[in-house]
Amino acid sequence: MQTGTALIYDEEMTKYKLLWVDPACKIEVPERLTVSHEALVKNGLVDRCVSVPVREATDADILLVHSEEYLEAVKKTPFMTLEDLMEFTQQYGDVYFHPNIYHCAKLAAGAALQLVDNVMTGKVRNGMALVRPPGHHSMRSAANGFCVFNNVSIAAQYAKQKHGVERVLIVDWDVHHGQGVQYCFEDDPSVLYFSWHRYEHQKFWPQLRESDYDCVGKAKGAGFNINVPWNKVGMQNTDYLSVFFHVLLPVAYEFCPDLVLVCAGFDAAIGDPEGEMCATPDIFAHLTHLLMNLADGKVCAVLEGGYNLTSLAQSVCQTFQTLLGDPTPLPVNLDGPCQSALESVHCVRSAQKPYWSCLKHAADLPTFELSTKRIKVVEEEERTEKVEEEKNTEEIVWPDPPKRVSPCVRTAVVLPDGVDCPDGCKRFTDLHPDPLLGKKLENILKDSNDSDALSTLSSLTALIEKMETNKICNGLVLVRDVSMAMMCVVQHAASLNKRALIVCVANEAIPIDLTDDGKTIMVHFSSKESEEQKGKYYIPVCLKKGCSDTSGIMQAVLGLVLPLGYQYNPDLVLLVRMPDCRISESVWQQLIGILQGLAQEHTLVLMQENEKASVTPSASTLLGNPAPRLGPLQGPQSDDVEALERLRQKLQSDWTLLQTTAPDSR
Ligand SMILES: CC(O)(O)NCCCCNCCCN
Ligand SMILES: [Zn+2]
């Protein structure tokens, strides 16, 4: 299995800066790179990465995206006088030139190509390039928005041409719209471009009509361009996650990319003068994690924006730690998305509905949107360049991201004799069995002197305690009686006052009487409608074709289990695979991989002891290896979608992160 995270950085890219007064450009300073790199050094992350050297992009590389006349013009800048540089800059917007910026722009683009080469040839699993100048605003024949060459667009074309990549997903989480990327690929169905961006109904820079949600791509590229406008500032972690769960991830899994490129701008974080958002740096740990089970884990992040030096450095470290496989921090008290974010999610899903089967049941455009659409046209004429006022975001404070400590044992296993312990795992036995355990579990144990059941259960309970004290990250346990073991875990977690999210894949309904006390929440996948409607903590997901239905499961995991799980915020995730369920191995691995974003990766996998063939693949994902790709997904069964939507309607008043439509509250 491929491992290793590349870090690409060269201090040469700090050797250019603004040489004259320009309020629009003064935030793009060399210190952006130095503080990021220094933070990586301070947190011991540089030593854990594979340092990959930069290289200069060649003319051929740059011409994959840019025109010859533009390249020839930029080539002249190193020899220009200050006056010439200022005059040369005038023809572009919100960007500045410097005698050394052409050199640095070649290094920034070359860094992205080095990253693609190392990931595509399997020298590393994933990585991030810390570069400046950024890239996503630059266009075929124009610099723009601090960008000279479009680093990520060049990397996408390069990956296709040199490495035969067929489908590239570009995730642009920078707070500005990467219009340069959109223009480059808008008619290209092999590159899916996703961007969210501060928009404020076209009042925010670059004030483009084509940054709105209804610009979905052109001709063959229709559907392969996804714009999520933020029409208000102050967006929080929950808003970002809502867009990943209900827009990006379902489409990304359907698209099934060979490679994921990230326009990793951190001006979407709190404290940034450009974004004026409120999402905290640890959110990038989750956003990164949620992409790492795509494309067999081939994720290449390239720095774009980020102008608050504190949140930038923290966000960069959060991203690297996740790329390195460290447990994600607990997503603290997420409430639901704000009304404006919900409207954006609603509009994007309805605009993209014709192009993606995972969205074929999405709601139509909200009626108010149709009316404001006309109003927006009217405002168009009134749009005036707003005066640059200084953003005093320097005073904003937020808590330091929590420490993310990797337990000394990553994956512990409890296996019957004769089943080998997978490489990298540690066989676990309970060294101090609790003599009273039989008594405590008598209500569960049918036969209290069933010694090996007792020993398995005591290992199970001891394993949970080791996870709760962070001695062990996650675990895999094979048992004879899965239902009984599940009840034991539920009871033991409750006794430790730990909240457990149980995801149970079965075929039949299962005998379980969950106390509706909120200490446990269960999502139960089966092929049978469950007759009794239990409280808000028992969620039956019925799939007509049962758990062999890959797209049905994935639709429910991404659109229901993830939002629910993030909002519930468990201390422990229990993944239970009933013997009768026919889930495919790779879907099971995706389930394990995706849900590791919760509970600081304290995932406990429980299977029947005859599932020996699943031990190695399950352990591989628990060890942090990416789950295998599922292939492009077909649409889920209509009646399953309708059942899921009924479930959403029922649950979303309690679990507001489940919402995908804005109430027509105009
Ligand atoms: C890479 C990037 O997306 O971060 N570039 C952002 C360019 C912003 C241009 N406007 C500046 C106005 C200053 N208040
Ligand atoms: Zn930006």
Side-chain angles (χ1 to χ4, degrees), residues 13 16 18 20-33 36 89 92-97 101 104-105 108-109 111-112 128-139 142-155 170-184 193-200 202-208 211 227-230 233 235 240 261-277 279 284 287 301-309 311-312 315-316 319 385-394:
M13 288 182 277
Y16 79 92
L18 181 58
W20 52 78
V21 174
D22 176 357
C25 293
K26 68 190 261 256
I27 53 175
E28 207 296 303
V29 295
E31 291 72 18
R32 297 179 55 236
L33 283 198
S36 301
T89 298
Y92 305 119
D94 287 60
V95 65
Y96 62 87
F97 278 82
I101 197 169
C104 296
M128 176 144 74
L130 295 180
V131 301
R132 64 186 283 272
H136 69 156
H137 297 300
S138 62
M139 293 158 270
N144 179 262
F146 314 151
C147 306
V148 176
F149 298 137
N150 202 312
N151 309 319
V152 168
S153 294
I154 292 168
I170 299 176
V171 178
D172 188 337
W173 68 44
D174 185 286
V175 87
H176 298 93
H177 180 221
Q179 84 280 25
V181 185
Q182 172 166 312
Y183 299 155
C184 186
Y193 177 58
F194 166 92
S195 170
W196 60 39
H197 33 270
R198 184 178 168 181
Y199 191 57
E200 291 172 301
Q202 206 176 329
K203 285 197 183 56
F204 186 70
W205 188 92
Q207 299 182 303
L208 298 172
S211 304
N227 284 333
V228 181
W230 298 125
V233 292
M235 292 300 165
Y240 288 8
L261 302 180
V262 184
C263 287
F266 296 107
D267 41 17
I270 191 166
D272 192 279
E274 281 293 300
E276 295 189 83
M277 298 299 172
F284 295 104
L287 302 184
V302 181
L303 181 68
E304 293 281 359
Y307 306 99
N308 176 305
L309 301 183
S311 64
L312 168 63
S315 303
V316 165
T319 305
E385 190 64 26
K386 76 178 162 47
V387 175
E388 281 302 327
E389 70 280 348
E390 285 299 295
K391 305 283 183 344
N392 57 356
T393 52
E394 285 311 311

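Counting starts at 1 for both ligands and their atoms, in listed order. Quick caveat, the model's predicted, so the values are computed rather than measured.
- Summary: ND1 is the N/O/S atom of His176 found nearest to the Zn ion (ligand 2).
- Taking backbone and side chain together, Asp174 holds an N, O or S atom under 2.8 Å from the Zn ion (ligand 2).
- Between Glu304 and ligand 1, no N or O atom pair is found at a separation short of 3.5 Å.
- Between Phe284 and Trp173, the ring planes are tilted. Angles from 30° to 60° get that label.
- Of the inter-residue distances, the one linking Gln179 atom CD with Asn150 atom CG reads 9.0 Å to the nearest 0.5 angstrom.
- Against a heavy-atom cut-off of under 4.0 Å, Pro134 is close to the following atoms of ligand 1: 1 (C).
- By the criterion of a heavy-atom distance under 4.0 Å, the side chain of His136, and not its backbone, is placed next to ligand 1.
- Atom CH2 of Trp205 is separated from atom CD of Glu200 by 14.0 Å, given to the nearest 0.5 angstrom.
- Looking at heavy atoms from C-beta onward, Phe194 lies in side-chain contact with Val228 at the 4.5 angstrom threshold.
- For ligand 1, the atoms lying closer than 4.0 Å to a non-hydrogen atom of Tyr307 are 1 (C), 2 (C), 4 (O), 5 (N), 6 (C).
- The name of the N, O or S atom in Asp267 nearest to the Zn ion (ligand 2) is OD2.
- The N/O atoms of Gly145, backbone and side chain alike, include one that comes under 3.5 Å of an N/O atom in ligand 1.
- Remark: Cys147 SG to Met139 CE distance equals 9.0 Å, nearest 0.5 Å.
- Applying the 4.0 Å criterion to heavy atoms of Asp94 picks out, from ligand 1, the atoms 9 (C), 10 (N), 11 (C), 12 (C).
- Closest heavy-atom contact between Leu130 and Leu303: CA-CB, 4.2 Å.
- The shortest separation from a heavy atom of Gly265 to ligand 1 is not under 4.0 Å, leaving the residue out of contact.
- Among the atoms of His136, no N, O or S atom is found under 2.8 Å from the Zn ion (ligand 2).
- Ser211 pairs in a side-chain hydrogen bond (donor to acceptor under 3.5 Å, both in side chains) with only one of the listed residues (Gln202, His177, His197), which is His177.
- In plain terms, the two heavy atoms of Phe266 and Val316 that are nearest each other are CE1-CG2, 3.7 Å.
- Looking at Asp267 against ligand 1, only its side chain comes within 4.0 Å, counting heavy atoms.
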